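In this text, all values refer to a predicted model and were calculated from it rather than measured experimentally. Numbering of ligands and ligand atoms starts at 1, following listing order. Computed from heavy atoms alone, side chains included, the values below leave out hydrogens, waters and symmetry copies.
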Amino acid sequence: MKRLLQIVSITLVIAMSMPTPASAADHDEQKAVLVTGASSGIGLAIAKKLAANGFYVYAGARKPADLEMLDAIGNISSVRLDVTRHEEIDAAVEFVKSQGRGLYGVVNNAGVAAYLPMNDVPEEDIDWVFDVNVYGPYRVNKAFAPMLIESGGRTTLIGSISGYLSGRYSGTYSMSKFATEAYTDAYAVEMADHSVHVSIIEPGGYKSRIREKVVQHTLDQMKDAGLEPTDEQKQQFDAMVASNEGLKEPDEVAEAALHVMTAEKPKRRYMVTPNLEQATLTISAALGKVAQLNRDQPYEFSRQQLIEMLDEALAAEY
Ligand SMILES: NC(=O)c1ccc[n+]([C@@H]2O[C@H](COP(=O)([O-])OP(=O)(O)OC[C@H]3O[C@@H](n4cnc5c(N)ncnc54)[C@H](OP(=O)(O)O)[C@@H]3O)[C@@H](O)[C@H]2O)c1
């Protein structure tokens, strides 16, 4: 027995103290990136894409099974990280520091949505969506800022074309995504002073678990309120969940995140839509607001002046 214990402990010491030459080299060369909300959908696709392209990924997740799943992927270490919990963010900072790779990038992907008319949505839901989608990136970026400044690195948010589009039932979600647009522009100029690049990726509709979660959340709320969904509502919910199946995998969004982390000059904004229709809707909405702003005000600009402004915007660097 004593001999067996000796052999086991010698084997363990050898295993711990002799990394393969390849892993020792990787450790020194790989840039590290933290991805929040990496358990599914866009976050998982981004974590895998970065890990397959030379980065070491710290993948944030909340559930034990997700942490285990992420740890089984090469070049990924899971990190328990609920972006609404300061103590988990602080522990994640300590963990990343302890790994000795520094931190080159952050992808603030964790996000949630609520889907009720503005007169019906409970205030707690608005708090919850903002807590994750808006305060989450603010907290995570702030906590990791010293490491990003040290590396002269990059941070990005997963916004949405809902940061430009808003309409029936999407008010709460769109409010949060509009807020991330404002945050990005302020943070980008502030962090440029420290040679850290800030950008935002605006996906259209891609396959993920967000739709089934919205439906489940709404059904739970209705149950708590003692309400049964009507047949019409049931059909709407079923259609929303089923629509996910027809969507594209979020590979293009992951490509954009890779561009953010590798390009010599990353862009400020990356709109990534699965089709022309969603791109048209988004750009038209942005231009539509310009027309609304301009109309019937003392300094109304002519069509020609607007075209000149558009030309200037098109020629701008970022
Ligand atoms: N899919 C689309 O069509 C689309 C379009 C535009 C923008 N987006 C944005 O893309 C991002 C990812 O969403 P998705 O579509 O990939 O949905 P998803 O599959 O539901 O993934 C959302 C991720 O966020 C995590 N999360 C939720 N609350 C969190 C919290 N408090 N702390 C940390 N992580 C949390 C989830 O973890 P759990 O598994 O533990 O809940 C999950 O990993 C979101 O910001 C979303 O708004 C999605």
Side-chain angles (χ1 to χ4, degrees), residues 34-49 57-70 76 78-89 91-92 106-115 125 127-140 143 156-166 170 172-181 183-184 200-217 240-241 243-254 256-257 269-275 278-279 281-282:
L34 171 76
V35 181
T36 68
S39 69
S40 63
I42 290 175
L44 180 57
I46 291 173
K48 285 180 174 169
K49 172 69 75 180
V57 176
Y58 298 113
R62 300 188 294 173
K63 299 185 283 297
D66 293 330
L67 296 164
E68 208 176 298
M69 174 272 292
L70 289 161
I76 294 186
S78 72
V79 186
R80 183 182 299 279
L81 184 53
D82 183 323
V83 298
T84 67
R85 300 175 75 108
H86 282 282
E87 68 280 13
E88 291 195 10
I89 295 173
V106 175
V107 180
N108 288 283
N109 164 77
V112 292
Y115 187 72
D125 261 23
D127 286 343
W128 168 61
V129 171
F130 270 70
D131 204 6
V132 180
N133 295 3
V134 183
Y135 290 98
Y138 151 77
R139 290 185 192 109
V140 170
T156 190
L157 282 82
I158 305 302
S160 172
I161 58 172
S162 296
Y164 292 85
L165 303 167
S166 185
S170 81
T172 304
Y173 182 65
S174 292
M175 281 158 68
S176 76
K177 293 297 182 180
F178 273 59
T180 60
E181 297 296 323
Y183 168 79
T184 299
I200 182 162
I201 300 171
E202 334 273 13
Y206 286 90
K207 191 178 276 189
S208 79
R209 295 196 55 213
I210 202 162
R211 292 161 196 84
E212 75 183 60
K213 287 181 194 167
V214 168
V215 167
Q216 194 53 54
H217 180 71
M240 193 169 184
V241 174
S243 70
N244 191 57
E245 284 316 302
L247 299 179
K248 270 189 178 175
E249 293 289 344
D251 301 334
E252 296 149 13
V253 188
R269 285 187 164 74
Y270 293 75
M271 184 177 76
V272 188
T273 64
N275 54 43
Q278 290 181 26
L281 261 178
T282 312

query: Closer than 4.0 angstrom: is that true for some heavy atom of Gly159 and an atom of ligand 1?
result: yes
field: Where ligand 1 meets Gly111 - atom numbers and elements under 4.0 angstrom, heavy-atom basis
entry: 22 (C), 24 (O), 27 (C), 44 (C), 45 (O)
query: What atoms of ligand 1 come within less than 4.0 Å of a heavy atom belonging to Ile158?
result: 9 (C), 10 (O), 11 (C), 45 (O)
Per-atom contacts, ligand 1 versus Gly205 - under 4.0 Å to a heavy atom: 3 (O)
message: Taking only non-hydrogen atoms of Thr36, do any sit less than 4.0 angstrom from ligand 1?
response: no
- prompt: What is the closest protein heavy atom to atom 46 (C) of ligand 1, and at what distance does it sit?
  reply: Tyr173 OH, 3.5 Å
- request: Check whether any side-chain heavy atom of Arg62 lies under 4.5 Å from a side-chain heavy atom of Ser39, and answer yes or no.
  value: no
task: For Gly60 and ligand 1, answer yes if some heavy atom of the residue is under 4.0 Å from a ligand atom, otherwise no.
output: no
- request: Look at the rings of Tyr183 and Tyr138 and say which category their plane angle falls in: under 30° parallel, 30 to 60° tilted, over 60° perpendicular.
  value: perpendicular
query: Against heavy atoms of Leu81, which atoms of ligand 1 measure under 4.0 Å?
result: 32 (N), 33 (C)
- line: the protein heavy atom lying closest to atom 20 (O) of ligand 1 turns out to be Lys213 NZ, 2.9 Å
field: Atom indices of ligand 1 within 4.0 angstrom of Gly204 heavy atoms, with elements
entry: 2 (C), 3 (O), 4 (C), 5 (C), 6 (C)
message: Applying the side-chain hydrogen bond (donor to acceptor under 3.5 Å, both in side chains) criterion to Tyr206, which one of Lys248, Glu252, Glu249 satisfies it?
response: Glu252
field: Validation row: Glu245, Lys207 side chains within 4.5 angstrom (heavy atoms)
entry: yes
message: With heavy-atom distances below 4.0 Å as the criterion, list the atoms of ligand 1 near Gly41.
response: 16 (O), 19 (O)
- prompt: Considering only the protein, which heavy-atom contact is closest to atom 1 (N) of ligand 1, and what is its distance?
  reply: Tyr206 O, 3.0 Å
- request: Please could you name the atoms of ligand 1 that Thr84 approaches to less than 4.0 Å, counting only its heavy atoms?
  value: 31 (N)
query: Does ligand 1 have a heavy atom under 4.0 Å from the side chain of Lys177, from its backbone, from both, or from neither?
result: side chain
- request: May I ask you to identify the nearest protein heavy atom to atom 14 (P) of ligand 1, giving residue, atom name and distance to one decimal place in Å?
  value: Ser208 OG, 3.3 Å
- request: Using atom types as modelled and distance alone, determine if a side-chain donor or acceptor of Asn133 lies under 3.5 Å from a backbone N or O of Val112.
  value: yes
- prompt: Using heavy atoms and a threshold below 4.0 Å, how should the contact between Arg85 and ligand 1 be classified: side chain, backbone, both, or neither?
  reply: neither
query: Side chain or backbone of Val83 under 4.0 Å from ligand 1, or both, or neither, by non-hydrogen atoms?
result: both
- prompt: Are the side chain of Arg139 and the backbone N or O of Asp131 linked by a donor-acceptor pair below 3.5 Å?
  reply: yes
- prompt: Mind checking whether Ile158 and Ile46 have side chains closer than 4.5 Å, heavy atoms only?
  reply: yes
statement: Ranked by distance from atom 35 (C) of ligand 1, the top protein heavy atom is Ala110 CB, 3.6 Å
- request: Measure the distances from the heavy atoms of Lys207 to every atom of ligand 1 and state whether one is below 4.0 angstrom.
  value: no
- prompt: So which bit of Val112 gets within less than 4.0 Å of ligand 1, heavy atoms only: side chain, backbone, both or neither?
  reply: side chain
- line: When distances are taken from atom 44 (C) of ligand 1, the protein heavy atom at minimum range is Asn109 O, 3.2 Å
Per-atom contacts, ligand 1 versus Ser160 - under 4.0 Å to a heavy atom: 6 (C), 7 (C)
query: Should the proximity of Lys63 to ligand 1, defined as any heavy atom under 4.0 Å, be assigned to the side chain, the backbone, both, or neither?
result: side chain
query: When you measure from atom 4 (C) of ligand 1 to each heavy atom in Val129, Ile42, Ile210, which option holds the nearest one?
result: Ile42
query: Closest non-hydrogen protein atom to atom 25 (C) of ligand 1, residue and atom name please, with distance?
result: Gly37 CA, 3.7 Å
query: Nearest to atom 39 (O) of ligand 1 by heavy atom, Ala65, Pro274, Pro250, Ser39: which?
result: Ser39
Mode of Ile161 contact toward ligand 1 - side chain, backbone, both, neither (heavy atoms, under 4.0 Å): neither
